[in-house]
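Step one of this worksheet: look at the structure below.
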Amino acid sequence: MMINRRTFSTLLAAGAAATLVSTRGTATPPLPTKARNVVLVHGLFADGSCWTEVIARLQVAAVNVTSVQNPLTTLPEAVASAQRVLERQDGPTVLVGHSFSGMIVTEAGVHPNVSALVYVAARAPDAGEDYTALAKTYPTPPATAGIVFDGDEGRLSEEAFLRDFAGDLPAAKAKVLYAVQEPFQKALLTGKTTQAAWRSKPSFYAVSTEDRTINPDLERFMAKRMGAKTIEVKASHLSMISHPQVITRLILEAAGHEA
């Protein structure tokens, strides 16, 4: 279905009712630089197409969008894939990450083209931090038990994917997403960031309150620690698919656009 500007405005207005917005942290983030470029990065159990609904809405808003195909091999290789895309941008760029790719945003976000960071139910470690150890200080989310390995290649079981990863999506849509999930390599999970871009860049965070893949309280902790402008979305881990208008609104705010 084509999205015209009137429909787009209506969707954004409707999306506002689906969120509880709050500013967290000790200081209000500085106003973001006006940006016409957005780079999106996907996490585990997905590929770049998981951003389709957000991409369509950003394009209606005349934003230049690129969705990175994260190789899900090692953290350095994943960061390099995002950096190559950032190099191609022609000016200020909002870097957006979902889930695991918050690691990539945190590392690659120091790139000079990056004007702001957006985390969508995403990891947000500090430089050199052991994210796994940090996550263990909170109750283990249900999806963790659904990860299965074939040698060094990991994926989410169908049951866990439908229930714990995409729990608020229509079953038929969730099954399609399950069918195209990209497997990841064990080595990816051992990587640590060496930099924390959120310490120097305006940051925004969308907490998924019904998340069964990353503990929502861990998301809140990371958002508060970085002093991010934070919204809470009543959504599963896949808020950018179940509530794309809300996530689009946050990205446009990070890009200095009036929603």
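Treat the numbers as computed from the prediction; the structure is a model and nothing was measured. Numbers here simply count residues along the sequence, with the first being 1. Any value given below was found using the heavy atoms of this structure, including those in side chains, with hydrogens, waters and symmetry copies removed.
Atoms CE and CG, from Met226 and Asp126 in turn, are 9.5 Å apart once rounded to the nearest 0.5 Å. Rounded to the nearest 0.5 Å, atoms CD (Glu77) and CG (Leu75) are 10.0 Å apart. Here the straight-line distance linking atom CG of Asn37 with atom CG of Asn64 works out to 4.5 Å at 0.5 Å rounding. Taking OG1 from Thr137 and CG from Asn215, the interatomic distance works out to 9.0 Å, rounded to the nearest 0.5 Å. Atom CG of Leu252 is separated from atom CZ of Arg57 by 11.5 Å, given to the nearest 0.5 angstrom. Between atom NZ of residue Lys201 and atom CG of residue Leu117 there is a gap of 6.5 Å, rounded to the nearest 0.5 Å.
Put simply, the side chain of Ser208 reaches to within 4.5 Å of the side chain of Glu219, judged on heavy atoms. In this structure the side chain of Leu95 never reaches within 4.5 angstrom of the side chain of Val118, judged on heavy atoms. Considering only heavy atoms from C-beta on, Val96 stays 4.5 Å or farther from Val39 through its side chain. Contact of the Ile231 side chain with the Tyr205 side chain is not registered, since no non-hydrogen atoms from C-beta on lie closer than 4.5 Å. The closest side-chain heavy-atom distance from Tyr131 to Leu218 is below 4.5 Å. The closest side-chain heavy-atom distance from Val233 to Glu210 is not below 4.5 Å. Residues Thr132 and Leu189 have side chains not in contact (no heavy-atom distance under 4.5 Å, counting atoms from C-beta outward). Between Glu53 and Thr248, the closest side-chain pair of non-hydrogen atoms is not below 4.5 Å.
Between Phe184 and Phe45, the ring planes lie perpendicular to each other; the angle is over 60°, past the 30° to 60° tilted range. A perpendicular orientation is assigned to the rings of Trp51 and His98, their planes being inclined by more than 60° (bins at 30° and 60°). Below 30°, between 30° and 60°, or above 60°: for Tyr138 and Phe221 the angle between ring planes is between 30° and 60°, a tilted geometry.
Applying the side-chain hydrogen bond (donor to acceptor under 3.5 Å, both in side chains) test to residues at least two apart or on different chains, the pairs with a partner in residues 162-175 are Glu159-Arg163, Asp164-Arg212, Asp168-Ser236, Asp168-Ser242. Among residues at least two apart or in separate chains, side-chain hydrogen bond (donor to acceptor under 3.5 Å, both in side chains) pairs with a member in residues 180-198 are Glu107-Thr194. Note on residues 141-155: pairs passing side-chain hydrogen bond (donor to acceptor under 3.5 Å, both in side chains), not counting sequence neighbours, are Asp150-Arg155, Glu153-Arg155.
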- Query: Given Val246 and Ser239, is the side-chain contact (heavy atoms from CB on, under 4.5 Å) satisfied, shown in steps?
  - Reply: CA-CA 8 Å; Val246 175; Ser239 60; over 6 Å; no
- Test side-chain contact (heavy atoms from CB on, under 4.5 Å) on Asp90 and Arg36 and set out the steps. CA-CA 9 Å; Asp90 60 0; Arg36 67 172 299 271; 3.4 Å; yes
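A donor-acceptor pair shorter than 3.5 Å cannot be found between the side chains of His42 and Asn70. A donor atom on one side chain and an acceptor atom on the other are found under 3.5 Å apart for Glu87 and His111.
If you chain together hydrophobic residues whose side chains sit under 4.5 Å apart, Leu72 and Phe149 fall into the same group. Residues Val176 and Ile55 are members of separate hydrophobic clusters, defined by side-chain heavy-atom contacts under 4.5 angstrom among Ile, Leu, Val, Met, Phe, Trp and Tyr. There is no path of hydrophobic side-chain contacts, each under 4.5 Å, that joins Ile104 to Val110. There is no path of hydrophobic side-chain contacts, each under 4.5 Å, that joins Val148 to Leu177.
For Ala124 against Arg225, the heavy-atom pair with the smallest separation is O-NH2, 3.1 Å. Across every non-hydrogen atom of Val41 and Ser101, the tightest pair is O-OG, 2.9 Å. Scanning all heavy atoms of the two residues, the minimum distance from Ser81 to Val68 falls at OG-CG1, 3.7 Å. The nearest pair of heavy atoms linking Leu44 to Phe165 is O-CZ, 3.7 Å. Smallest separation of non-hydrogen atoms from Thr93 and Gln89: OG1-CB, 3.2 Å. Closest heavy-atom contact between Ala121 and Ile214: O-CD1, 3.4 Å.
A salt bridge is absent between Arg249 and Glu253; no separation between the charged side-chain nitrogens and carboxylate oxygens falls under 4.0 Å. Between Arg123 and Glu129, none of the side-chain N atoms (NZ, or NE/NH1/NH2) sits under 4.0 Å from a carboxylate O, so this pair counts as no salt bridge.
Although no hydrogens or angles enter the test, the distance criterion places no donor-acceptor pair under 3.5 Å between the side chain of Thr52 and the main chain of Cys50.
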